[in-house]
Engineer: 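I'd like to ask you about the structure that follows.
All residue numbers in this chain count up from 1 along the given sequence.
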Amino acid sequence: MATRRPAPPPEAGAAPLHYQVSVASLERHRYAVELTVAQPAARQRVSLPVWIPGSYLVREFARHLHGLTARQGRRACAPVQIDKCSWDIECDPRRPLVLRYEVYAFDDSVRTAWLDAERGFFNGTSLLLRVHGHEEVAHALTVLAPPQRPDWQLATAMSPQAVDRRGFGRYVAADYAELVDHPVELGAFWSGRFQAGGVPHRFVVAGAAPSFDGARLLRDVQKICEAAIRFWHGAGRPPHRHYLFMLNAVDEGYGGLEHRSSTALICARGELPRQGAPASAARVGDGYLTLLGLISHEYFHTWNVKRLRPAELSNYDYAGENYTRLLWFFEGFTSYYDDLLLRRAGLIDDAAYLKLLTKNINQVLQAPGRRAQSVAQASFDAWVRYYRPDENTPNSTISYYTKGALVALCLDLTLRREERGTLDEVMRAVWRRCGGGPMSEADFTAVLAEAGGRDFSRELAHWVHGTDELPLRELLESQGVTVSEEPSQWAQVLGLRVGEGAGGISLKVVLDGGPAAQAGMAAGDEWLGIELPPRRGAPTTPPAAWRLMRVDEVPLYAGAARRVTALVARDKRLLRLPLALPRQTTTWRLLAPSGGSDRATWPGR
């Protein structure tokens, strides 16, 4: 374990609260934190948040905090734990209070903290105790360089006060909310810079393979950022003075979490652009395209959720759930624009954009939960549903990301069809009305009516607060887009989501109303094969039975039979379930207008 170094003495004009973070042990994945409170209360309460804004699940970060002690000079002040994440400390308010503790950091995600011999990363919500009654005062953070890693650098969007050339040193924040909204990346990472909208942007990547094309990534991300800034401000400047992308490349992984002037990202290493790969808009690989869409999504959040945000989340309660019914707008509309901005940035063409939109549409149409729950209620239930999926989730709820994006699509295409403007104009008008701050649904409804020249309450009642099907086909066709239907894969025909491998077929989800559900199949079953009924005219002939390795083999072995017996293993028991085979169902495919149609400007602008 490294020797703990005391925090430097307070400087003239120093922040009332000062945190020092150092490496306690790389091998044991532990950070050491020292917190100095210049003027504590007589009974000072401290707590660690239970969630991180942008990820709507109580994650209990305090379970990784160990060895909390408190002192005033030579006098020990014993912290008394009062609940799962809070402590009270009896102390002398005339003397500085110093708290010390360690945090175990071994969650390789964007939401918490990580530390090993190769890389460090942390969000303040995982490491930095909240000092009650002092949330609105200035906070300072000093991060010490680990002496055993002289090649490490530090990257954060927090305002530096006194840092060295590698980025280690003292940073300042206006309050606790700002302090924990600036994650910190540590390591021997790749770094690149560019300008967008007159603002400096930095991109750091940890874990990249030798084939990584950093120059390509910077060029493409610069185009995304410029498209987003133009969207919100035209030729004006964005609300952030600088911006930082932090990307962790791993063997398998995907995700992102937005912050006010930065974002933390994770992707599969193979999704990064490679040197020598084609750079045309028509030849962007699926993996890299997924990454660009993620980057676009998180950057759009700089406006739509970090500044323009639900009124219920205007001041975060870090001790519990923060409910809102507006995630369909803040996450869903962001999901609509993330891919659309790739098209407007020239990184993909119309065909590639419509392919992405097709995937989103089919995800919603193939989820029975769209008929069970409104997207507004799904927003409210995010704390207990979206981040805790199980085998019944597709039957009981709908994603406010995917359906919210389709609500945005429908509103945009309705405005365009009626020649009442675009959703772009509505978004900018909402930003102006709310001053880039807290927003209610009433604000959105009022702006939509004003911009569109009519009341849209009926559409919002049916599309957002109801479970009606969205008028996707007619609205897309109004833009010259052809909606074709193609045969579905057999897992979808039967209402299944499965895992397939050398061991055969394992059932992950059984969708309500599908043939598999009607047959009595259940999540967790192993589907071994099918048995055909006796052939007509040969009643003594035993039925044929076939082993299945993939669901798409069903029509191969079933032939013309419309009913078969599914052979299923459940809890070591062998079951014979009657399975009706429906005719082939279809999924959507969207085709761009041919011949340079001038019927519409969407999706190009």
Engineer: Hydrogens and angles aside, do T112 and D107 bring a side-chain donor and acceptor to less than 3.5 Å of each other?
Structural biologist: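 On atom types as modelled, these side chains qualify, holding a pair under 3.5 Å.
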Engineer: Only pairs at least two apart or in different chains count here, so list each salt bridge (charged side-chain N to carboxylate O under 4.0 Å, His left out) that has a residue in residues 136-148.
Structural biologist: none
Engineer: Going by distance alone, is a donor N or O of one side chain under 3.5 Å from an acceptor N or O of the other, for H240 and T302?
Structural biologist: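 Checked: H240/T302 side chains show no N/O donor-acceptor pair below 3.5 Å.
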Engineer: Side chains of H201 and Y299: any donor to acceptor distance under 3.5 Å?
Structural biologist: yes
Engineer: R30 versus H66: any side-chain heavy-atom pair under 4.5 Å?
Structural biologist: yes
Engineer: Going by atom types alone, do H18 and T142 pair a side-chain donor with an acceptor below 3.5 Å?
Structural biologist: yes
Engineer: Under a 4.5 Å cut-off applied to non-hydrogen side-chain atoms, are R130 and V46 in contact?
Structural biologist: no
Engineer: Ignoring hydrogens and angles, state whether a donor on the side chain of T393 or R385 is under 3.5 Å from an acceptor on the partner side chain.
Structural biologist: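 There is no such pair (donor and acceptor under 3.5 Å, judged by atom type) between the side chains of T393 and R385.
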Engineer: Any side-chain heavy atom of V33 sitting closer than 4.5 Å to one from Q20?
Structural biologist: no
Engineer: Side chain to side chain donor-acceptor pair (under 3.5 Å) for S211 and Q275? Distances and angles first, verdict last.
Structural biologist: CA-CA 6 Å; S211 61; Q275 297 172 14; over 6 Å; no
Engineer: Quick check on the 6.0 Å ring-centre criterion: do W328 and F333 meet it?
Structural biologist: yes
Engineer: Establish, yes or no, whether a centroid distance under 6.0 Å links the rings of W232 and F300.
Structural biologist: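 Yes; F300 has its ring centre under 6.0 Å from that of W232.
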Engineer: Could you state the interatomic distance from CG (L289) to CG (L342), rounded to the nearest 0.5 Å?
Structural biologist: 6.0 Å
Engineer: For Y288 and D220, test the side chains for any donor-to-acceptor distance below 3.5 angstrom and give the result as yes or no.
Structural biologist: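 Looking only at side-chain atoms, D220 and Y288 do form a donor-acceptor pair, the distance falling under 3.5 Å.
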Engineer: Just by distance, with hydrogens left out, do T125 and N123 show a side-chain donor and acceptor under 3.5 Å apart?
Structural biologist: no
Engineer: Determine whether the aromatic ring centres of Y400 and F330 lie less than 6.0 Å apart.
Structural biologist: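 Ring centroids of Y400 and F330 are no less than 6.0 Å from each other.
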Engineer: Do the non-hydrogen side-chain atoms of I82 and W87 ever get within less than 4.5 Å of each other?
Structural biologist: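 Side-chain contact under 4.5 Å: no.
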Engineer: A side-chain contact here means heavy atoms from C-beta on lying under 4.5 Å apart; do F168 and L144 qualify?
Structural biologist: no
Engineer: Please check this pair: side chain of S379 against backbone of L327, looking for a donor-acceptor N/O pair closer than 3.5 Å.
Structural biologist: yes
Engineer: Looking only at heavy atoms, which two atoms of W114 and Y31 are closest? And how far apart?
Structural biologist: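 Minimum heavy-atom separation between W114 and Y31: O-OH, 2.8 Å.
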Engineer: Please report the C-alpha distance between E391 and V510 in whole Å, then the side-chain angles of each, then the deciding distance to 0.1 Å, and finally whether the side chain to side chain contact (heavy atoms under 4.5 Å, CB included) criterion is met.
Structural biologist: CA-CA 7 Å; E391 68 284 348; V510 179; over 6 Å; no
Engineer: Would a distance-only check, ignoring hydrogens and angles, find a side-chain to backbone donor-acceptor pair under 3.5 Å from Y176 to L128?
Structural biologist: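 Checked: pair present.
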Engineer: Y401 and ring-ring contact (aromatic ring centres under 6.0 Å, His included): which single residue from Y387, F329, Y386, Y56 fits?
Structural biologist: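 When Y387, F329, Y386, Y56 are each tested with Y401, the ring-ring contact (aromatic ring centres under 6.0 Å, His included) holds only for Y386.
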Engineer: I'd like to know if the side chain of R75 pairs up with that of Q72 as donor and acceptor (distance under 3.5 Å, no hydrogens or angles considered).
Structural biologist: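 There is such a pair between these side chains.
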Engineer: Regarding E331 and H297, do their side chains bring together a donor and an acceptor under 3.5 Å, going by distance alone?
Structural biologist: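 A pair is found: one side chain offers a donor N or O, the other an acceptor, under 3.5 Å apart.
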Engineer: Would you say CZ of R43 has more than 12 non-hydrogen atoms from neighbouring residues, nucleotides or ligands within 6.0 angstrom?
Structural biologist: no
Engineer: Does any non-hydrogen side-chain atom of L141 lie less than 4.5 Å from one of V21?
Structural biologist: yes
Engineer: Can you name the closest pair of heavy atoms from L291 and C267 and give their distance?
Structural biologist: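 Closest approach of L291 to C267, heavy atoms only: CD1-CB, 3.9 Å.
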Engineer: Once salt bridge (charged side-chain N to carboxylate O under 4.0 Å, His left out) is applied, what residue pairs with a partner in residues 302-322 remain, sequence neighbours excluded?
Structural biologist: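 Every salt bridge (charged side-chain N to carboxylate O under 4.0 Å, His left out) pair that includes a residue of residues 302-322, provided the two are not neighbours, is D181-K306.
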